[in-house]
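Just so we're clear, the structure is a prediction, and the values are computed from it rather than from any experiment.
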Amino acid sequence: MTVRVRFAPSPTGYLHIGGARTALYSYLFARAQGGKFILRIEDTDLERSKREYELAQIEDLKWVGITYDEGPDCGGPYGPYRQSERFDIYQKYAWQLVEASMAYPCFLTEDELAALTAQAEAEKKSPHVYHDKYRSFDLTEARKKIAAGEPYVIRFKNPQKPYHFKDLVRGDVHFKEDMVGDFVIIRANGLPVYNFCCVIDDVEMKITHVIRAEEHLNNTVRQLMIYEAIKAPIPEFAHVSLLIGEDRQKLSKRHGATSVSQYREENYLPEALINYLCLLGWSHPDETDIFSIDELGSKFDLTRFSKSPALYDIQKLKFFNEQHLRRLPTSVLREKLIAIAPTDHRFPEQTPEWQDKFIELYKDKIQLLPELLEKTDEVFRVEMLDEPEFQEAMSWETTPQIREFLKKKLDDPKLEVMTEDLYTQWMDALKNELKIKGKPLFMGSRAVLTGVTHGPDLKILMALTPISVLKERLALFS
RNA sequence: GCUCCCAUCGUCUAGCCCGGUCUAGGACACCGCCUUUUCACGGCGGGAACAGGGGUUCGAAUCCCCUUGGGAGUACCA
């Protein structure tokens, strides 16, 4: 039997990092098993679902490198893959259940329902109720009422017995018989409800493994009832622990950046995001931490999940980003920088040789790509930074001598570009002719040439700096 | 309230199933030292955890029970 796994988001917003994580696990599992990965859009909530969000989520999925074999935009043998295009299928199943007396049309008005709930509450019973008034019904009678236009929903007739199943991450899970009542499967507007169409689709699409977040654990009891009623085989379930925020509550918008698109906008590397997400609640068998989806390959399995919720920590994400940044070849970094640079930025104007040298000089100092762009400031900026170490360097008696020496060298009209060799020559001259050495030499020339007392390898930095900038900096001191 | 789930450093986790090899390993963050005549990178080192209580056992982080704490669900949302 080929493994078939699905990711079933509802298009009511942008792709959430939690969603990306379950999508990733599903995708990884399908890949590792040589199975199929399916994208299904759960847009039965017509009010909140938007095509715009569906498109955005697909784009985000592609951005992080998750591809699917079947889905709304690429089709497949069990389509359509958008629930809004499958309403007749759910109707068919629902009425089959009604005809088999396993579900019933319920004509309870809102007021009647509210009264029942209130009564249950008053009696300190669970708020759900079994709607005895309609549980036994005459089908022709019901059909007549429906034809007459009376509003109704279809409720599933709860078999009122305990259920249990084996969860791949949680082990045996037992549900007592009184957990839910006769729940709605088709709403008054004729549209199906999540717990119903989810099962129908998983059956129709021959899904073998359902990997989803733990918030769905309690839904499983309803779904188990439906599988049983329609006599369909039950898939394997894996309820993955939730992602939580600083306050240890389920991660949501109020925790800050929680949608994948935000990370894309901030120029995080998709491979870093995915690497980090993968390790939140799952551990690599070799305890490796930095890896790509491809490197993970067949090592992914469903046995290494942690059962407790995982706290989402941006600081650690940044560490992963830093690590993945370092894995990228300079040429790739260069192209990315050119792509993200603002239109008036200096970086794209430089020669590729300059750009590569610059990247190699700074790439170990940053965690996020845009920080590299900011580093160009250190090359072109003409100002003295007011810091104690700088003041100290300026107070040395050798510093003005260094400045005079360098000023003379820079004023040479034949001088066109600064090079590493030239810088070395100057330093040697300073040492031999002016007898300046050690900290006063290096720190002093750094202060005078860059306006700051710390930074990258001065020799390389000098070779990147235009002569004009150096002259302007020296002029600051007169 | 009721139902379900969970519990190892501040955080992510390994170990738990199949008790001894665990004075509990790794990673992030933090601190220190070395390296670098700067900064960073890197290297080395440090502090830091088995929620509590009972069992079972020669022996428990590991198995059982209770307590406490945390989370999720309890919809004509998904």
Name the pairs: protein N/O against N/O of nucleotides 51-53 of chain B, kept only if under 3.5 Å.
none

Practice problem: For Val153(A), answer base if it contacts any base atom (sugar-phosphate contacts may also be present), sugar-phosphate if it contacts only those atoms, and nothing otherwise; contact means non-hydrogen atoms under 4.0 Å. | Solution: base
Which pairs would a plain distance check flag for residues 363-373 of chain A, meaning a side-chain donor or acceptor within less than 3.5 Å of a matching protein atom at least two apart in sequence or in another chain?
{"residue": "Lys363(A)", "atom": "NZ", "partner": "Leu328(A)", "partner atom": "O", "Å": "3.2"}
{"residue": "Gln367(A)", "atom": "NE2", "partner": "Glu322(A)", "partner atom": "OE1", "Å": "3.0"}
{"residue": "Glu371(A)", "atom": "OE1", "partner": "Gln367(A)", "partner atom": "N", "Å": "3.1"}

Practice problem: Identify, with sequence neighbours excluded, every residue that meets side-chain contact (heavy atoms from CB on, under 4.5 Å) alongside Thr303(A). | Solution: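 Listed in chain order: Asp301(A).
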Is there a residue in [range] whose heavy atoms reach under 4.0 Å of RNA chain B, and which residues are they?
range	value
residues 441-454 of chain A	Phe442(A), Arg446(A), Thr453(A), His454(A)
residues 314-321 of chain A	Gln315(A), Lys316(A), Phe319(A)
residues 421-437 of chain A	none

Exercise. Provide the full list of side-chain hydrogen bond (donor to acceptor under 3.5 Å, both in side chains) pairs with a residue in residues 235-253 of chain A, sequence neighbours left out, each pair given once.
Key: Asp167(A)-His239(A), Arg212(A)-His239(A), Glu215(A)-Lys250(A), Thr220(A)-His239(A), Asp247(A)-Arg254(A), Asp247(A)-His255(A), Ser252(A)-Arg254(A)
Quiz item: Got a sec, which pairs hit side-chain hydrogen bond (donor to acceptor under 3.5 Å, both in side chains) with one end in residues 425-449 of chain A, sequence neighbours left out?
Solution: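 For residues 425-449 of chain A: none.
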Quiz prompt | With sequence neighbours excluded, residues passing side-chain hydrogen bond (donor to acceptor under 3.5 Å, both in side chains) with Glu383(A) | solution = none
Quiz item: Looking only at N and O atoms, is any donor in the side chain of Asp313(A) or the base of rA29(B) less than 3.5 Å from an acceptor on the other one?
Solution: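 Looking at the base of rA29(B), it does not pair with any donor or acceptor on the side chain of Asp313(A) (distance under 3.5 Å).
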Nucleotide N/O to protein N/O under 3.5 Å, stretch nucleotides 61-70 of chain B:
none

Quiz item: So which pairs with a foot in residues 281-292 of chain A pass salt bridge (Lys or Arg N to Asp or Glu O under 4.0 Å), sequence neighbours left out?
Solution: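 Output for this query lists Asp286(A)-Lys299(A).
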List the atom pairs, with distances to 0.1 Å, where a side-chain N or O of residues 389-399 of chain A and a protein N or O form a donor-acceptor pair under 3.5 Å, not counting sequence neighbours.
{"residue": "Gln391(A)", "atom": "NE2", "partner": "Asp386(A)", "partner atom": "OD1", "Å": "2.7"}
{"residue": "Ser395(A)", "atom": "OG", "partner": "Glu392(A)", "partner atom": "O", "Å": "2.6"}
{"residue": "Thr399(A)", "atom": "OG1", "partner": "Ala393(A)", "partner atom": "O", "Å": "2.6"}

